[in-house]
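Below: one structure, written as structure tokens.
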Amino acid sequence: MNFIEELRWRGMLQDMIPGLENQLAKEMTVAYIGFDPTAPSLHIGNLAAIMLLKHFQLCGHKPIALVGGATGMIGDPSGKAAEREFLSEDTLRANQVGIQKQLEKFLEFHAGANSAEVVNNYDWFKEFSFLGFLREAGKFLTVNYMMSKDSVKKRLETGISFTEFSYQLLQGYDFYHLYKTKNVRLQMGGSDQWGNITTGTEIIRRKEGHDEDATERAAFALTTPLVTKADGTKFGKSESGNVWLDAEKTSPYAFYQFWLNAADADVPRLIRVFTLYTKEQIEELEKQHAEAPHLRILQKAVAEEVTTRVHGAEVCALVIEASSLLFSKDAVELIAGASDALLAQLPIHEVSATLLAECKNLTDLISVGTDNLIFPSKGEARKAIQNNAISVNKVKVTDPNAALDFEKIRGQYLLVGNGKQKNYILSFK
RNA sequence: GGGGAUAUACCAGAGCGGCCAAAUGGGGCAGACUGUAAAUCUGCUGGUGAAUGCCUACGGUGGUUCGAAUCCAUCUGUCCCCA
């Protein structure tokens, strides 16, 4: 199956410049996607783009991931209602390092001719002088053209700085630079990137494309739809915010749980976009899911594959075990018999002796005693207990003033549940 | 530069000088039902407390008043109109 067909049935194709299919059929093609270092880690919002590169490579083409060390210093106005604050250069540098490391996990870097590459646009922008850039890139586009972009138009009312206005020029120049130096013919991205990407193809066309074989050397754009949820809320956020790919920021357990909790209405889309299952496999899984929806076969399939890709098979196996353990009626006994490796994946929170000393009752313990992990205030903790939401060692507790004389598992742990989805293990040293 | 409007909790958005910790909607959390799903219904949604209460909060500062989210002055931000 070729790349475009693959994207089509997966629902990952939003738009592309005509002629791309011919180009891809003709030869091994090089494509890139840019990632902005606005945070020290990628999050699952970036994962769709990564999958795009992944499929591209699996179809025999060469993917390049670009880390926006330079563009990150400017700020992409796409989809942003207001001007943003700059990130400090130190932050940006640290973010670039982190993101680059993560990108390297998802693609094949030793696959011969179509090995993946990671580049950083700071490398070619750092030497650029302002005058040089104006002559080299700025001359090829009119302000009229740049103003017609959606990302700019939406900001004309409220204002956009020259800096953010120029962003598309930088990203456009990236494309040109890679076109020249690495023979990159295609830039991909989310649908919000269409404007920025076509700025790039436009620069290439104007700088390069005036002779007779111009169509032979054309540059292309391809975008993927933004992943949305059936209920209209934003995909990729959990209760505690972004779902990160970095295990330090979102634990593998929480990561797995995020996917496992996907709504039935969303999961057919998720499995197509975020996993490599074939069409036949997916249809089979969907059939099984429809027969026994309570088993959540699709959710498990997505959660397992994505967690494996991001955190590795070993960790994934452990968090699956950890998940079934925590939700089991026999959780207490199972924790008592758990291996050290498994314990390490459980959501364990150490209760500090100083905080514990201040706790008079259960309410105190699950608010201030856990450093506000479970509840940010005693009032909320008390209300939750009164609302029948809290269990200790799988037994519901409804008295906010319950004394802290629960029997600890292994003489050390207490299993606290809030609602039916959230479990915490408190550790007392 | 001149004139006008506006600033309220996570967001939107009411608010009579005392009955305002502040209507309503959304969002969020929880309960029931389920399947760690969706929909629905119910409760909660500033802090502290068992509670009458107390504390902190309606852009900032200062004032009027027994009493201010509400009136006055001033500053700041935002929006609109004119130049």
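Side chains included, hydrogens not; waters and symmetry mates left out as well; all remaining heavy atoms used. Per chain, numbering begins at 1; letters A, B, ... match sequence-line order. These figures come from a predicted structure and were not determined experimentally.
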* To do: Taking atom C1' in both B:G67 and B:A83, compute the distance separating them and give it to the nearest angstrom.
  =>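 The answer is 46 Å between these two C1' atoms.
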* In whole angstrom, give me the gap between the P atoms of B:G25 and B:C72. =>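 So the two P atoms sit 32 Å from each other.
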* Looking at A:Lys396, does any N or O in its side chain come under 4.0 Å of the phosphate oxygens OP1/OP2 on B:G31? ->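 It does, given that an N or O in the side chain of A:Lys396 lies less than 4.0 Å from OP1 or OP2 of B:G31.
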* For the residue pair A:Tyr173 and A:Phe125, does the interplanar ring angle fall in the parallel (under 30°), tilted (30 to 60°) or perpendicular (over 60°) class? ->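 Answer is tilted, since the angle falls between 30° and 60°.
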Round to a whole Å and report the spacing from [atom1] of [X] to [atom2] of [N].
X        : N     : atom1 : atom2 : answer
A:Gln386 : B:C44 : CD    : C1'   : 10 Å
A:Phe375 : B:G46 : CZ    : C1'   : 17 Å
A:Lys378 : B:G49 : NZ    : C1'   : 9 Å
A:Leu326 : B:U36 : CG    : P     : 14 Å
A:Arg382 : B:G43 : CZ    : P     : 21 Å
A:Glu358 : B:G49 : CD    : P     : 12 Å

At 4.0 Å (heavy atoms only), tell me whether [X] reaches a base, stays on the sugar-phosphate, or touches nothing.
X        : answer
A:Asp266 : nothing
A:Ala263 : sugar-phosphate
A:Asn261 : base
A:Ala389 : sugar-phosphate

* So, the side chain of A:Asp266 versus the backbone of A:Ala262: is there a donor-acceptor pair under 3.5 Å, distance only? ->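 The answer is no, because no donor-acceptor pair under 3.5 Å joins these two groups.
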* Does A:Arg269 reach the main-chain N or O of A:Gly11 with its side chain, forming a donor-acceptor pair under 3.5 Å? ->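 It does not hold such a pair.
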* **Reported CD-to-CG distance for the pair A:Gln100 and A:Asn95, which is rounded to 0.5 angstrom** =>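 Spacing of CD (A:Gln100) from CG (A:Asn95) equals 12.5 Å.
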* Can A:Glu6 and A:Arg10 be counted as an ion pair, charged N to O under 4.0 angstrom? ->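 A salt bridge is present here (some side-chain N lies under 4.0 Å from a carboxylate O).
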* Quick one: does A:Lys420 reach the base of B:U34 with a side-chain donor-acceptor pair under 3.5 Å? ->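 Donor-acceptor pair under 3.5 Å: yes.
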* Does A:Gln257 make a side-chain donor-acceptor contact with the base of B:U36, cut-off 3.5 Å? ->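 Present.
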